[in-house]
Amino acid sequence: MLDFTLNQQTLSITGALVTEQVAGLAPSVTADFEKIDLSGVCDFDSAGLAWLVTFYAPLGCAFINLPSSLRKLADLYGLTPLFEPA
């Protein structure tokens, strides 16, 4: 299960960003934040990465505290610029 917590200007996502969790899921929080904290992401796959890119990258917010393996997956798919600090 994914959990979304909005604290000041940071949206924290906690849980597993995997196919089973994100398939058909539209985020409930899509505005009023500048950063997305991914330090609470315990597992992910390419579907989770695609979900982040589809729903949150267009908002122009900064992704922070990416797990190193998520950064490697972004590198593999050529998505590194989306996850670089502003």
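Note that this is a predicted model, so its numbers are computed, not measured.
- Between atom CG of residue L66 and atom NZ of residue K72 there is a gap of 13.0 Å, rounded to the nearest 0.5 Å.
- Residues L2 and F4 form a side-chain contact, since some pair of their non-hydrogen atoms from C-beta on lies under 4.5 Å apart.
- In this structure, E20 CD and M1 CE are separated by 15.5 Å, a value rounded to the nearest 0.5 Å.
- Checked by atom type and distance alone, the side chain of N7 never pairs as donor or acceptor with a backbone atom of T10 at under 3.5 Å.
- Under the 4.5 Å side-chain criterion, counting only non-hydrogen atoms from C-beta, V41 is not in contact with T14.
- Hydrophobic clustering (side-chain heavy atoms under 4.5 Å, transitive across Ile, Leu, Val, Met, Phe, Trp, Tyr) keeps V18 apart from L49.
- A donor-acceptor pair under 3.5 Å is formed between the side chain of W51 and the backbone N or O of L25.
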Let me check something: any side-chain donor-acceptor pairs from residues 73-83 under 3.5 Å, sequence neighbours excluded? List them with distances.
unit_1 : atom_1 : unit_2 : atom_2 : d
D75    : OD1    : T80    : OG1    : 2.2

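- The CG atom of D45 lies 8.5 Å from the CG atom of L17; values are rounded to the nearest 0.5 Å.
- Closest of all the heavy-atom pairs between K35 and C61 is N-CB, 4.2 Å.
- Closest approach of C42 and A16 over heavy atoms only: SG-N, 3.9 Å.
- From F63, atom CZ reaches atom OH of Y56 across 9.0 Å, with rounding to the nearest 0.5 Å.
- With hydrogens and angles ignored, the 3.5 Å screen pairs no side-chain donor or acceptor of D37 with any backbone N or O of I13.
- Counting non-hydrogen atoms of neighbouring residues, nucleotides and ligands closer than 6.0 angstrom, the CD atom of Q8 reaches no more than 12 such neighbours.
- Not counting sequence neighbours, D43 has no partner by the side-chain hydrogen bond (donor to acceptor under 3.5 Å, both in side chains) test.
- Distance check, rounded to the nearest 0.5 Å: OG of S12 to CZ of F33 gives 10.5 Å.
- When all heavy atoms of D32 and L6 are compared, the closest pair comes out as O-CD1, 4.0 Å.
- Atom-to-atom distance recorded for L11:CG and I64:CD1 is 10.0 Å, nearest 0.5 angstrom.
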